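In what follows, every heavy atom counts, from backbone to side chain, and hydrogens, waters and symmetry copies are set aside. Residue numbers begin at 1 in each chain, while the letters A, B, ... track the order of the sequences. Since the structure is predicted, the reported quantities are computational estimates derived from the model, not experimental observations.
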Protein chains: 2
Amino acid sequence: MTAWEQQLTACDCRITMPRRAVMGALLEAESPLAPQEILDRGRQVHTRLGLVTVYRTLELFLRLTLVRRVHREDGCQGYVLTSPGHHHVLLCRDCGRAVEFPGGDDLQVLIQRVEGETGYRVDEHLLQLFGRCTACQQGESDA
Amino acid sequence: MTAWEQQLTACDCRITMPRRAVMGALLEAESPLAPQEILDRGRQVHTRLGLVTVYRTLELFLRLTLVRRVHREDGCQGYVLTSPGHHHVLLCRDCGRAVEFPGGDDLQVLIQRVEGETGYRVDEHLLQLFGRCTACQQGESDA
DNA sequence: CTGTTAATGAAAACATTTTTCATTAAGGGG
DNA sequence: CCCCTTAATGAAAAATGTTTTCATTAACAG
């Protein structure tokens, strides 16, 4: 039994084919997937998979912090598996490929400064970087 | 003629009542507004205002960097006026009030580190902090 | 003031997300 | 290993958010 299956069992959730299909799609994805994309890929594993179930499964996975929701430039919500530790997302604006990176002390310093200046208590943050991956930089260096 | 009106004139765009209504709503807002909210407020100035025009006007304002688009927790897109300089948004998760703050060197340090580690060229970023403003901290200290 | 044309707004198309409810199947107890 | 309970599912429809279409309006140059 894999780690995510154990986590489901631990909170009295069942391990079902639809959930396997959604997790499978996310495991093989190399960039954040929209719910519709997860449906398309998941159906290769579980033909009867429905879009509603994809939404519900993502909601569950979010609650268990198995997946992270990222802001895609096309407006849709994108979903990626969470890596261990606190990570942020770096998206290539050409091919959509995403890599995660850990948040360093730099951000904590900045957050503390902002807390001091504003009086707010900051307890969460969303950091996403956009740019071009190595391959896309070479492909269209000045096009 | 105000600064934004000059900017519109400079790019051969007309200064219209709908655009005045949208800008008016944004000027008086104290937190990011969704298009529908802008419509409601804008109609107090220009009764005939339509939602489509709100979208088109926001698109124009975005292109001119008069407004910034922020990711709201309810899933909608929120729009706020851009402050001079490079700013980020800090949202109160209770009352929705937003303040902007300038991005410091800390973030540049982090970005350079990530560029080095991944090979990506980073040219844009989205940083939003979530927390509680001073007032909401006092109101519900442990509720 | 008038003509040109950018801009507008209503309706409809489209996309995304949520709700409803009858049916299915996961997995514990016998 | 089978049966039963009920969580989970999926189709349809509703709700919500965004974009397109196109006839009409109004900004502003002349």
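- Remark: side-chain polar atoms of A:R43 are paired, donor with acceptor, to backbone N or O of A:L49 under 3.5 angstrom.
- When each of D:dT18, C:dA7, D:dT9 is scored by its nearest atom to the side-chain atoms of B:C13, the top-ranked nucleotide is C:dA7.
- In this structure, the CG atom of B:L39 is 15 Å from the P atom of D:dT19, given to the nearest Å.
- The distance from atom CD of A:Q77 to atom P of D:dT16 is 17 Å, rounded to the nearest whole Å.
- Nearest approach of A:G119 to B:T134, heavy atoms of both residues: O-OG1, 3.5 Å.
- In this structure, A:L49 places its CG atom 9 Å from P of D:dT9, rounding to the nearest Å.
- Between A:H88 and A:H125, the ring planes are tilted. Angles from 30° to 60° get that label.
- Closest contact between the side chain of B:V52 and the listed nucleotides C:dG9, C:dG27, C:dT8 involves C:dG9.
- Salt bridge status for A:R19 with A:E5: absent, with no side-chain N to carboxylate O gap under 4.0 Å.
- Residue whose closest nucleotide on DNA chain C sits further toward the 5' end, between A:E59 and B:R48: B:R48.
- Phosphate contact (OP1/OP2 of D:dT19, side-chain N/O of B:Y55, threshold under 4.0 Å): absent.
- Protein atom CD of B:Q6 is 14 Å distant from nucleotide atom P of D:dC28, rounded to whole Å.
- Among the atoms of the strands shown, only primed sugar atoms or phosphate atoms (P, OP1, OP2) are found under 4.0 Å from some heavy atom of A:I15.
- With rounding to whole Å, B:D12 atom CG is found 9 Å from C:dA7 atom P.
- Closest approach of B:L91 to B:Q128, counting heavy atoms only: CD1-NE2, 3.6 Å.
- One interatomic measurement links the two molecules: CG of B:L51 to P of D:dT16, which rounds to 14 Å at whole-angstrom precision.
- If you find the closest nucleotide of DNA chain D to B:Q36 and to B:T9, the one lying nearer the 5' end belongs to B:Q36.
- Between the CG atom of B:D40 and the P atom of D:dT16 there is a distance of 13 Å, given to the nearest Å.
- Rounding to whole angstrom units, CZ of residue B:R20 and C1' of C:dT8 are separated by 15 Å.
- Side-chain atoms of A:R56 and base atoms of D:dG10 include a donor and an acceptor less than 3.5 Å apart.
- B:R14 contributes a side-chain N or O that forms a donor-acceptor pair with the base of C:dA6 under 3.5 Å.
- Contact check, B:T16 against C:dA6: no side-chain N or O comes under 4.0 Å of OP1 or OP2.
- With distances taken from any side-chain atom of A:H46 to the nucleotides D:dT9, D:dT18, D:dG10, the minimum falls on D:dG10.
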